[in-house]
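Contents: one structure, followed by commentary.
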Amino acid sequence: MAVKHWLIKSEPDVFSIHDLAKAKGRRTNWEGVRNYQARNFLRAMRQGDRCLFYHSNADPPGVAGVVEVVREAHPDPTAWDAKSPYHDPKASPDNPVWSMVDVQLLEVFPREVPLDELRQVKALAGMELLRRGSRLSVTPVTPAEFRAIVKLATSR
DNA sequence: GCCAACGTTGGC
DNA sequence: GCCAACGTTGGC
């Protein structure tokens, strides 16, 4: 099965790609996804898939690097942790509801590719991220889109 | 801080 | 099942 590509969002004030670079093993649980469509994309991820790491709610927002899926979807225990900001009263160990994957840092781009620059690239015109009103924190990315963004990050 | 877009909730 | 109210996301 071919490697698939995705884009995952994180607010750098909460967890940035630089936090991931400092994390043990440069890996982390991608916890806190609380949207069913995004969760289903997480569940479709396979070991070895590549994800663009996007900084949302940042100045400027943009793509900061690439991570690899190192563990496929498993229950997200923050869902039934009453002290977690991601707590969901519907969830329990018997009924986890929410999933997370584990990701490992592959590359911090030599420069972040800002959102306004992505919008100017024809090859990216169909990207989910660029759709008006798009809020999904996990989205699929085509191989061509993935390549185009890596190229933007490593040129200029 | 504003607000458009979208998802979820809950009354009916 | 409809839909109004409400909450959240995230760019600006």
Side-chain angles (χ1 to χ4, degrees), chain A residues 4-23 28-45 49-67 69 73-103 105-142 144-156:
Chain A
K4 290 215 235 19
H5 300 87
W6 309 89
L7 180 142
I8 56 180
K9 296 182 185 176
S10 183
E11 302 191 19
D13 290 349
V14 178
F15 189 80
S16 75
I17 200 165
H18 309 292
D19 295 323
L20 180 56
K22 284 180 274 184
T28 191
N29 302 313
W30 203 259
E31 64 191 26
V33 169
R34 295 294 178 268
N35 168 284
Y36 287 102
Q37 204 179 344
R39 182 203 68 180
N40 293 342
F41 285 137
L42 284 182
R43 290 180 176 179
M45 287 184 181
D49 283 1
R50 304 280 164 105
C51 310
L52 297 165
F53 192 122
Y54 179 83
H55 282 162
S56 61
N57 251 318
D59 188 18
V63 182
V66 180
V67 301
V69 177
H74 52 109
D76 178 351
T78 64
W80 57 84
D81 176 357
K83 293 190 295 290
S84 169
Y86 308 121
H87 180 236
D88 179 352
K90 289 191 300 297
S92 67
D94 285 342
N95 178 32
V97 185
W98 302 109
S99 297
M100 61 187 186
V101 296
D102 294 1
V103 297
L105 182 62
L106 276 188
E107 180 188 10
V108 179
F109 286 155
R111 69 176 193 104
E112 286 193 28
V113 186
L115 178 61
D116 59 1
E117 199 173 313
L118 299 178
R119 290 193 192 283
Q120 292 163 20
V121 179
K122 276 218 179 69
L124 301 177
M127 256 189 102
E128 169 66 27
L129 176 74
L130 304 184
R131 269 193 40 237
R132 176 181 171 79
S134 171
R135 296 188 313 177
L136 267 185
S137 62
V138 181
T139 56
V141 170
T142 69
E145 290 163 351
F146 188 89
R147 277 196 306 274
I149 289 172
V150 171
K151 192 173 163 192
L152 281 173
T154 50
S155 59
R156 269 185 238 209

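Throughout, protein chains are lettered first and strands after them, A, B, ... in sequence-line order, and every chain is numbered starting at 1.
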Whole-Å gap separating [atom2] ([N]) and [atom1] ([X]):
| X | N | atom1 | atom2 | answer |
| --- | --- | --- | --- | --- |
| Leu130(A) | dG10(C) | CG | P | 14 Å |
| Arg131(A) | dG10(C) | CZ | P | 13 Å |
| Arg39(A) | dT8(B) | CZ | P | 10 Å |
| Asp59(A) | dG11(C) | CG | P | 11 Å |
| Leu136(A) | dG10(C) | CG | P | 9 Å |
| Glu11(A) | dC12(C) | CD | C1' | 15 Å |
| Asp88(A) | dT8(C) | CG | P | 12 Å |
| Asn35(A) | dG7(C) | CG | C1' | 13 Å |

Look at the rings of Phe146(A) and His5(A) and say which category their plane angle falls in: under 30° parallel, 30 to 60° tilted, over 60° perpendicular.
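Phe146(A) vs His5(A) ring planes: tilted.
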dT9(C) phosphate, OP1 or OP2: any side-chain N/O from Lys9(A) under 4.0 angstrom?
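No, Lys9(A) has no side-chain N/O under 4.0 Å of OP1/OP2 on dT9(C).
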When you check the phosphate oxygens OP1 and OP2 of dT8(C), does a side-chain N or O of Tyr86(A) lie under 4.0 Å from one of them?
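Answer no for this pair, as no side-chain N or O of Tyr86(A) is under 4.0 Å from OP1 or OP2.
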Report yes if a donor N or O on one partner sits less than 3.5 Å from an acceptor N or O on the other, where the partners are the side chain of Arg135(A) and the base of dT8(C); otherwise report no.
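A donor-acceptor contact between them is present.
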Determine, using ring centers only, whether Trp6(A) and Phe53(A) are less than 6.0 Å apart.
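No, the ring of Phe53(A) stays outside the 6.0 Å limit from the ring of Trp6(A), centre to centre.
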Is a side-chain N or O of Asp76(A) found less than 3.5 angstrom from the main chain of Met100(A), in a donor-acceptor match?
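Not a single qualifying donor-acceptor pair exists.
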Spell out, as yes or no, whether a donor-acceptor pair under 3.5 Å connects the side chain of Asn95(A) to the backbone of Ser92(A).
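Flag not set: sc Asn95(A) to bb Ser92(A) has no pair under 3.5 Å.
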On DNA chain B, does the nearest nucleotide to Lys90(A) precede the nearest nucleotide to Asn57(A) from the 5' side, or the other way round? Give the residue.
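Mapping each residue to its closest nucleotide by heavy atoms, the 5'-most match is Asn57(A).
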